[in-house]
Amino acid sequence: MEGNIAQLGQFIGAGLAAIGSGAAAIGVGHVAGNFLAGALRNPSAAGSQTATLFIGIAFAEALGIFSFLVALLLMFAV
Amino acid sequence: MADSAVEQGAEAGGAGMPQLDFSTFPNQIFWLLVTLIVIYFVLSRVALPRIAGILAERKGTITNDIAAAEELKLKAQEAEQAYDKALADARAEAQRIVAEAKAEIQTELDAEIARADARIAEKTAESEAAIAEIRASAMDSVQAVAKDTAKEIVAALGGKADARSVTSAVTAAMKGDA
Amino acid sequence: MADDAAAQGDGGGLVFHPLDQFEIKALFGGDAIHWYTPTNVTMWMALAVLCVIGLLVLGTSKRSIVPGRTQSVAELAYGFVYKMVEDVTGKDGIRYFPYIFTLFLFILFSNFLGLLPLSFTTTSHIAVTAVLAMAVFLTVTILGFVKNGASFLSLFWVSSAPLALRPILAVIEIISYFVRPVSHSIRLAGNMMAGHAVIKVFAGFAQVLAIAPIAIIAVAAIYGLEVLVSFIQAYVFTILTCVYLKDALHPHH
């Protein structure tokens, strides 16, 4: 098998970084689930908090996107 | 498979991510700024005032329509009140007329009854007088017949009876009978 | 390179070029891309502008009291962003509504146009989103200092925290403040890039006959998800702009 150790490291690193996307998925699910739990307890307050929900989801997702970006960088840019 | 992946990785590594190709950055940034400025001017000069105008106009129309509807509603309520009033007036008038007619009829009826009563009383008195007369005349005839009969009986019995004693005896007997 | 790919495809190996769709090419030939060269970036941004004009200018040209379909959508977009600015930023943020609406419409139409097959997604490029985010960051920072003077710095001094914690919190707040444009831009570009790359990868799987049906169904499903993500990312970018603007106008928590 040709190739070199650096490429091996790239692919392994990219795979590891991609785990972060899954972790972000857990985070987003957590945010949405807790919002739903709260919204079902007090539906009248839920409507005013959807903006906060999306901000929270966006922050959680941004970190997952960072890890995805690291994976992409390792695969294609390094 | 492994070969192709490695080769592809090498190829892609050569090409890199298009996002990180810094030579295209000035181009993108220039056209982005042009785009943003164009959109901003289109929005602030044409689109936003127009949409704000449309929304304000619609709000005004709706407010006017609601006011007009309110006015019409008031008018309808007024008309209803007038109608109710007219109806109540008519009803009161009708009741008044009925009461008047009833009173009139009542007075007429009373007068008629009084007249009839008077007539009946008159007739009764007349009849009573007639009856009394008849009874008196009957009494007289009975007395005369009794006197005559008594005289005749006394004469037939051979007695001699003067008229006076017979009369008093008959009268006493009749009184005792009566 | 294309010949190589074809040869490898024939050889049975899977070939993915998920990032080829993001390449910037000059529209009228030529290899050199100068700052003024009309490229596919130019074309798709121009299309976004045309869409904005079509929706908001031509769509409302009748000015009817009872709106038609296009006018309804235009009014809906206007009301949506207007209410967002008003709710998040407050009454004094309404002045910056055209600016925020510009950002929203540009990102929304770029995202949606990027979902057309064979199209180019301008918002998937770090350069574009970084300019957008830096514009927001600089505007908000300058505005904060102009409006509040030095008291804008109280944004970093959390007065509700215990005194001992405040310096540490101030450091954290300052770091998070300067990370804002980074996360703001990479969130948008990363979401767009990730979605399109994933669609491309699944399309690559469709080369193998055995899993082609699953791959095609997956492409359709992810496409639906991407439509949602396109809107949500435009919404998130806009609402975060509003939040940052609120911080600049009212820095005292």
Side-chain angles (χ1 to χ4, degrees), chain B residues 1-70, chain C residues 1 4-5 8 11-17 19-24 26 32-39 41-42 45-46 48-49 52-53 55-57 60-61 63-67 71 74-75 78-79 97-99 101-103 105-106 110 122 124-128 130-132 135 189 193:
Chain B
M1 179 79 201
D3 282 1
S4 69
V6 169
E7 210 169 312
Q8 176 211 340
E11 265 176 29
M17 285 173 74
Q19 277 86 352
L20 296 180
D21 185 359
F22 291 100
S23 65
T24 61
F25 273 28
N27 180 274
Q28 295 188 51
I29 292 170
F30 168 69
W31 289 113
L32 173 67
L33 292 180
V34 170
T35 308
L36 286 182
I37 290 169
V38 169
I39 294 180
Y40 182 80
F41 276 101
V42 166
L43 285 185
S44 60
R45 290 291 145 87
V46 187
L48 295 186
R50 186 185 287 175
I51 294 178
I54 291 171
L55 291 180
E57 202 179 324
R58 177 173 310 145
K59 208 174 174 188
T61 312
I62 289 173
T63 316
N64 283 345
D65 285 0
I66 286 176
E70 225 24 77
Chain C
M1 187 167 146
D4 286 358
Q8 282 169 2
L14 285 180
V15 183
F16 298 129
H17 293 290
L19 299 183
D20 281 1
Q21 56 181 322
F22 303 121
E23 265 171 24
I24 291 170
I33 295 175
H34 305 289
W35 61 270
Y36 53 84
T37 316
T39 54
V41 179
T42 319
M45 283 186 181
V49 174
V52 170
I53 292 176
L55 177 66
L56 288 171
V57 177
T60 59
S61 58
R63 298 166 183 263
S64 39
I65 294 295
V66 179
Q71 196 184 326
E75 286 171 10
Y78 180 94
F97 168 65
Y99 181 70
F101 200 36
T102 304
L103 288 179
L105 285 176
F106 173 72
S110 294
T122 49
S124 70
H125 274 262
I126 283 289
V128 172
V131 169
L132 293 173
M193 200 193 335

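Side-chain atoms are counted along with the backbone in the values below, which use heavy atoms only and exclude waters and symmetry mates. Letters A, B, ... mirror the listed sequences (proteins, then strands); counts begin at 1.
The CZ atom of C:F101 lies 6.0 Å from the CD1 atom of B:I51; values are rounded to the nearest 0.5 Å. From B:M17, atom CE reaches atom CD of C:E23 across 12.0 Å, with rounding to the nearest 0.5 Å. Considering CG of C:L103 and CG of B:L36, their distance stands at 6.5 Å, rounded to 0.5 Å. Atom-to-atom distance recorded for C:I24:CD1 and B:T24:OG1 is 3.5 Å, nearest 0.5 angstrom. Atom OG1 of residue C:T102 and atom CG of residue B:L43 lie 4.5 Å apart, to the nearest 0.5 angstrom. To the nearest 0.5 Å, the span separating CG on B:N27 from NE2 on C:H125 amounts to 10.5 Å.
The two atoms that bring B:F30 and C:W35 nearest to each other are CD2-O, 3.2 Å, heavy atoms only. B:Q19 approaches C:S124 most closely through the heavy-atom pair NE2-O, 3.1 Å.
In this structure, the side chains of C:T122 and B:W31 stay at 4.5 Å or more apart for every pair of heavy atoms. Side-chain contact between B:V46 and C:I53: absent, with no pair of heavy atoms (C-beta onward) separated by less than 4.5 Å. Side-chain contact check for C:L56 versus B:V42: every heavy-atom pair is 4.5 Å or farther apart. Using a 4.5 Å cut-off on side-chain heavy atoms (C-beta onward), C:S61 and B:R50 make contact.
C:H34 touches chain B through its backbone: at least one of N, CA, C or O sits under 4.5 Å from a heavy atom, while the side chain does not. At a 4.5 Å heavy-atom cutoff, the contact between B:L55 and chain C is made by side-chain atoms alone. For chain C, no part of B:L20 is nearby; none of its heavy atoms comes within less than 4.5 Å. For chain B, the nearby part of C:V52 is the side chain; its heavy atoms alone come within less than 4.5 Å. In this structure, the portions of C:F106 lying under 4.5 Å from any heavy atom of chain B include both its backbone and its side chain. Of the two parts of C:Q21, neither the backbone nor the side chain holds a non-hydrogen atom closer than 4.5 Å to a non-hydrogen atom of chain B.
For chain B, the option among C:V128, C:I126, C:T42 with the highest count of heavy-atom pairs below 4.5 Å is C:T42. Comparing C:L105, C:T37, C:L132, C:V131 by heavy-atom pairs within less than 4.5 Å of chain B, the highest count is held by C:T37. Ranking C:P67, C:A74, C:S64, C:A46 against chain B, the residue ahead of the rest is C:P67, based on heavy-atom pairs under 4.5 Å. Taking chain B as the reference chain and counting heavy-atom pairs below 4.5 Å, the highest number among C:A189, C:A135, C:P98 is found for C:P98. Taking C:T60, C:V41, C:L55 one by one and counting their heavy-atom pairs under 4.5 Å with chain B, the maximum is reached by C:T60.
Between the side chain of B:E57 and the backbone N or O of C:I65, no donor-acceptor pair lies under 3.5 Å.
Within residues 60-67 of chain B, the residues that have a heavy atom under 4.5 Å from a heavy atom of chain C are B:T61, listed by number.
The salt bridge (charged side-chain N to carboxylate O under 4.0 Å, His left out) test applied to B:R58 returns C:E75, not counting sequence neighbours.
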